[in-house]
Amino acid sequence: MSLRAQNQPTFRTGANYVRVDMYATRDGQPIEDLKAAEVDVLEDGVLQTIEAFEHVKVRTTSPEASRIEPNTIQESRQLAGDPRGRVFVIFLDTYHTQIEGSANMRQPLINFLDRVLGPDDLVAMMTPEMAATEITFGRKTTVIANILQREWLWGRRGRLTNIDNDDKEDEYAACYALDMDIAREMKARRREKLTLDALQDLMVHLAGIREERKAVLAVTEGWQLFKPNTQLARRDQQGNVRPGDVLMRPPRPQPSDAGQIQGSMRVTCEADRMALAQIDHETRLRELTEDANRENVTFYPVYARGLVPFDSPIGPEKPPSLAQDAANLRARQDSLRFIADGTDGTAVINTNNIDGALRRIVDDLSSYYLMGYYATNTKLDGKFRSITVRVKRDGARVRARRGYRARGPGDLSSSAPGANTPALSPAISAALTPAVSFNARAQFRIRASSWTRPSDGGGTAGTFWIVGELDAQTRRQPAWTAGAQADVAVIGPDGKPVASRMMDVRPGTGAFALQIPESGGVASGEYTVRVRLRSPADGELALSDTQRVTVKEATTLGEALVSRRGLSTGTQYLRTADPRFVRSDRIRLEHATTATEPATARLLDRNGTALSVPAQVSERLDPSAGIRWIVIDATLAPLAPGDYAVEVAQGEARQLTGFRLIP
């Protein structure tokens, strides 16, 4: 609960209005009586005038029954935007925590939840196996506490191979059965990559929730921070060879299997080995820390096993030498210190009193100040602005937001997320669903867009377009560089086949597009599209995706076909099934239409607020199909990472298409 002055300051928004949260302590205790005159805020070394100043004191012992729980994901995100409430994410690093650690953390985490949450605070839980968009913020901690109490075996590090491995790790074990050192290193590198990928995804997600500080309690045993390994790239079970030599050999039999390792599996393993050998996670963690600073995220890493003498578990694999084990332990703990120090957090390491250390974190986060100022630098140049906060008291220690990225020309929305942000409308929420629920780890994905128009016979005729696309990283793998063949099957609402096609996937672009039906139309209803992709290098290597398409009743304006143009496409626009874009891209939407009225288009932020970024509207005719298209083009350079939508209106018809901008 906030202890607010009678005339509580209003936190405004504007093109150059900046909000800053500050934690001030002396001798380890929070300073709770500061006045605005005792604080200086500098932006790029220039003193700023503080317009709003408020001390927030959080009462963390409120009974759970009194907390108001958000009813929807949209409502939880709206509540998270309140600068007077705190936002926490508990990140359980399953890949890098032993069972001993997960059991050791069970009760301290439950106690942390009981102590930390005030009536205005929100908390969510995440693991590396989750996408950040899957997390749900809430105020009542019973569900999370029950999960921690029941699923205390969540630590996967050091578990038995036949219990611990996923399908990909089983492939590594089969491919390199004669040299398990390769499989072990690939497994470790892949797990570390998946964890850092998840944390990076979390940074993007938290950036879109609010401007104020967000806290991540990362429960882990740290990371080795793998660097490029030329020996792993060259290494093979018969010695050092060129990478291409391995792909030319027939697969070796697996000793424990009567059959052979299929060529398709071998191709996949070798592609993964080359990619994993090149990773540089030391640089990746540094970039992740910089991103956290820009997005005002603080990390509180907790070493799950407490005070330990050794890093490696006792079995089932032979541990390394004592010197190597000590080096591994030091590297893991140093990685936690680095991300904590770099984001103004605290690392809980080398202590068996984890509960007490978490209590100190709770105390640290229970008293803070909210400030706001209008930046004297009003340039819309998109550059990073550093922030320095000073307190005019002897012995005071200050932690505050380190900076922010200024807006570019026409950048972002007219208002920042905050307490006065409107709830997401159902239309905006539905439009953003493909981007919000997007699986960033999928190797292949499809997107379908439908349109229904009046038919010549007086009824309706539905059409939909299917776009399939290999992920950019996947199509660089040797198995897919020559393109692929797509087997497309469409099942009607009655369960009967509607269409079946074989499509060539072009090398380089990794995409195909198909219209169903090629002429005429289909009835309204829900259709199922199944696509199976086969590698030309080995017909047994396949990827697949399934999507449901709803052909609605007649409408003058169809759903959008989405294309991108950027560094990877040259001057061409290429149809895409991926809702993610970068700032150097241009986005193009194409809507089939039967209406003659002029169309308008505008870009919206995730709250439905119109942006000043222009969207160009044009038309084109497709004589072969007899279709008139409304074409929308927009440049994404002025936008910051986050979720957006394009609204197209034509007469009474309206279509919303969501997309996500990533760093």
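We use all heavy atoms of the structure for the numbers below, so side chains are in, but hydrogens, waters and symmetry mates are not. The residues of the chain are indexed from 1 along the displayed sequence.
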K.L.:
How close do A331 and Q224 get, heavy atom to heavy atom, and via which atoms?
P.N.:
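Where A331 meets Q224 most closely, the heavy atoms are CB-O, 4.5 Å.
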K.L.:
With side chains defined as the heavy atoms from C-beta onward, is the minimum distance between F338 and T289 less than 4.5 Å?
P.N.:
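F338 reaches T289 side chain to side chain.
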K.L.:
Between E221 (side chain) and Q98 (backbone), is there a donor-acceptor pair under 3.5 Å?
P.N.:
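Looks like yes, one N/O pair under 3.5 Å.
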K.L.:
Applying side chain to side chain contact (heavy atoms under 4.5 Å, CB included), name anything that partners N104, two or more places apart in sequence or on another chain.
P.N.:
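Only I354 meet the side chain to side chain contact (heavy atoms under 4.5 Å, CB included) criterion with N104.
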K.L.:
Out of D344, T343, T25, which residue meets the side chain to side chain contact (heavy atoms under 4.5 Å, CB included) rule with R399?
P.N.:
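Exactly one option meets the side chain to side chain contact (heavy atoms under 4.5 Å, CB included) with R399, and it is D344.
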K.L.:
On a heavy-atom basis, which atom in P301 and which in A340 lie closest, and how many Å separate them?
P.N.:
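The pair with the smallest heavy-atom distance is CD-CB, 3.6 Å.
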K.L.:
Do the rings of F659 and Y644 sit parallel, tilted or perpendicular, given the 30° and 60° boundaries?
P.N.:
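F659 vs Y644 ring planes: parallel.
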K.L.:
Could you check L202 against I135 for side-chain contact (heavy atoms from CB on, under 4.5 Å), going step by step and ending with a plain yes or no?
P.N.:
CA-CA 9 Å; L202 181 61; I135 68 175; 4.0 Å; yes
K.L.:
Could you go step by step and tell me if R284 and D197 meet the salt bridge (charged side-chain N to carboxylate O under 4.0 Å, His left out) rule?
P.N.:
CA-CA 10 Å; R284 181 80 185 277; D197 285 347; 2.8 Å; yes
K.L.:
Begin with the C-alpha distance, continue with both residues' side-chain angles, and end with the deciding distance and a verdict on side-chain contact (heavy atoms from CB on, under 4.5 Å) for L34 and M22.
P.N.:
CA-CA 11 Å; L34 286 174; M22 176 189 72; 3.8 Å; yes
K.L.:
Please answer whether the main-chain N or O of V20 pairs with a side-chain N or O of Y369 as donor and acceptor at a distance below 3.5 Å.
P.N.:
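Flag not set: sc Y369 to bb V20 has no pair under 3.5 Å.
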K.L.:
Looking only at heavy atoms, which two atoms of M126 and A198 are closest? And how far apart?
P.N.:
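So the minimum-distance heavy-atom pair works out to CE-O, 3.6 Å.
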K.L.:
Does a donor on one side chain sit under 3.5 Å from an acceptor on the other, for R157 and T97?
P.N.:
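No, T97 and R157 have no side-chain donor paired with an acceptor closer than 3.5 Å.
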K.L.:
What I'd like to find out is whether the side chain of L92 reaches to under 4.5 Å of the side chain of L109, using heavy atoms alone.
P.N.:
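A side-chain contact exists here, since the closest heavy-atom pair is under 4.5 Å.
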K.L.:
Are the side chain of R273 and the backbone of L232 linked by a donor-acceptor contact shorter than 3.5 Å?
P.N.:
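Yes: the side chain of R273 pairs with the backbone of L232.
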K.L.:
Please lay out, stage by stage, how L307 and T351 fare under the test side-chain contact (heavy atoms from CB on, under 4.5 Å).
P.N.:
CA-CA 5 Å; L307 181 62; T351 177; 5.9 Å; no
K.L.:
Quick one about E192 and H281 (side-chain donor to acceptor, distance below 3.5 Å, no hydrogens or angles considered), yes or no?
P.N.:
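Indeed, the side chains of H281 and E192 share at least one donor-acceptor pair under 3.5 Å.
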K.L.:
Among R156, R191, E129, which residue satisfies the side chain to side chain donor-acceptor pair (under 3.5 Å) criterion with T94?
P.N.:
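Looking at R156, R191, E129, the match for T94 under the side chain to side chain donor-acceptor pair (under 3.5 Å) is E129.
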K.L.:
Should D280 and K227 be marked as a salt bridge (charged side-chain N to carboxylate O under 4.0 Å, His left out) after you check the CA-CA gap, both sets of side-chain angles, and the distance that decides it?
P.N.:
CA-CA 4 Å; D280 182 357; K227 299 178 182 178; over 6 Å; no
K.L.:
Do the side-chain N and O atoms of D355 and Q107 include a donor-acceptor pair separated by under 3.5 angstrom?
P.N.:
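There is no such pair between these side chains.
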K.L.:
Is there side-chain contact between F137 and V123, with at least one heavy-atom pair below 4.5 Å?
P.N.:
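Result no, sub-4.5 Å side-chain heavy-atom pair not found.
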K.L.:
May I ask you to decide if A132's main-chain N or O and D201's side chain share a donor-acceptor pair within less than 3.5 Å?
P.N.:
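Checked: pair present.
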K.L.:
Which distance, rounded to the nearest 0.5 Å, do you find between the CG of L194 and the CG of L199?
P.N.:
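That separation rounds to 11.0 Å.
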K.L.:
Would you indicate whether the side-chain heavy atoms of L329 and V308 approach each other to under 4.5 Å?
P.N.:
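Heavy-atom side-chain distance check passes, below 4.5 Å.
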K.L.:
Regarding N350 and Y303, do their side chains bring together a donor and an acceptor under 3.5 Å, going by distance alone?
P.N.:
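No, no side-chain donor-acceptor pair sits under 3.5 Å.
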K.L.:
Closer than 3.5 angstrom, by distance alone: can the side chain of N293 be matched with the main-chain N or O of G342 as a donor-acceptor pair?
P.N.:
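Yes, the answer is positive, given that a donor and an acceptor are paired below the 3.5 Å cut-off.
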K.L.:
Could you verify whether a donor N or O on one side chain and an acceptor N or O on the other, from Q278 and N229, lie under 3.5 Å apart?
P.N.:
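No donor-acceptor contact under 3.5 Å links the two side chains.
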K.L.:
More than 12 heavy atoms of other residues, nucleotides or ligands under 6.0 Å from CZ of R393: yes or no?
P.N.:
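It does: R393 CZ has more than 12 such atoms within range.
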K.L.:
Indicate yes or no: at least one non-hydrogen side-chain atom of L217 is less than 4.5 angstrom from one of V302.
P.N.:
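With C-beta onward as the side chain, the pair touches.
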K.L.:
Set out, in order, the CA-CA distance, both residues' side-chain angles and the distance that settles salt bridge (charged side-chain N to carboxylate O under 4.0 Å, His left out) for K214 and D21, then state yes or no.
P.N.:
CA-CA 10 Å; K214 288 79 63 175; D21 46 17; over 6 Å; no
K.L.:
Taking all atoms of both residues into account, what is the closest heavy-atom pair of A396 and I31, and its distance?
P.N.:
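Residues A396 and I31, closest heavy atoms: CB-CD1, 3.9 Å.
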K.L.:
Would you give the length of the straight line joining atom CZ of R213 to atom OH of Y368, rounded to the nearest 0.5 angstrom?
P.N.:
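Here the rounded value is 10.5 Å.
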K.L.:
Looking at every heavy atom in both E38 and D33, which two are closest together, and how far apart are they?
P.N.:
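That would be OE1-O, 3.9 Å.
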K.L.:
Within the structure provided, determine whether I387 and V18 are in side-chain contact (heavy-atom separation under 4.5 Å).
P.N.:
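They are in contact (side-chain heavy atoms under 4.5 Å apart), so the answer is yes.
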K.L.:
Could you tell me the separation between the CE atom of M186 and the NZ atom of K193, rounded to the nearest 0.5 Å?
P.N.:
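The CE atom of M186 sits 12.5 Å away from the NZ atom of K193.
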K.L.:
I'd like to know if the side chain of R189 and the backbone of L276 have a donor-acceptor N/O pair within less than 3.5 Å.
P.N.:
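Here the side-chain-to-backbone pair exists.
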K.L.:
Go through the structure and list residues passing side chain to side chain contact (heavy atoms under 4.5 Å, CB included) with E32, not counting sequence neighbours.
P.N.:
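If we apply the side chain to side chain contact (heavy atoms under 4.5 Å, CB included) test to E32, skipping adjacent residues, the hits are P30, H55, K57, S367.
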K.L.:
Can you list the steps and then say if K168 with D272 is a side-chain contact (heavy atoms from CB on, under 4.5 Å)?
P.N.:
CA-CA 10 Å; K168 179 66 71 172; D272 286 0; 3.2 Å; yes
K.L.:
Would you say that D578 contacts R445 through its side chain, given a criterion of any heavy-atom pair below 4.5 Å between the two side chains?
P.N.:
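In short, these two side chains touch, coming nearer than 4.5 Å.
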K.L.:
What distance separates W154 CH2 from I99 CD1, expressed to the nearest 0.5 Å?
P.N.:
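Here the interatomic distance stands at 11.0 Å.
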K.L.:
To the nearest 0.5 angstrom, please state how far the CG atom of L196 sits from the CD1 atom of I339.
P.N.:
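Those atoms lie 8.0 Å apart.
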K.L.:
Sequence neighbours left out, what passes side chain to side chain contact (heavy atoms under 4.5 Å, CB included) with D325? Give chain and number order.
P.N.:
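Here the qualifying residues are F310, D311, S312, P320.
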K.L.:
Just how far is it from atom CZ of R330 to atom CZ of R337, taken to the nearest 0.5 Å?
P.N.:
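If we round to the nearest 0.5 Å, R330:CZ and R337:CZ are 10.5 Å apart.
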K.L.:
Mind checking whether E290 and L288 have side chains closer than 4.5 Å, heavy atoms only?
P.N.:
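Heavy-atom side-chain distance check fails, nothing below 4.5 Å.
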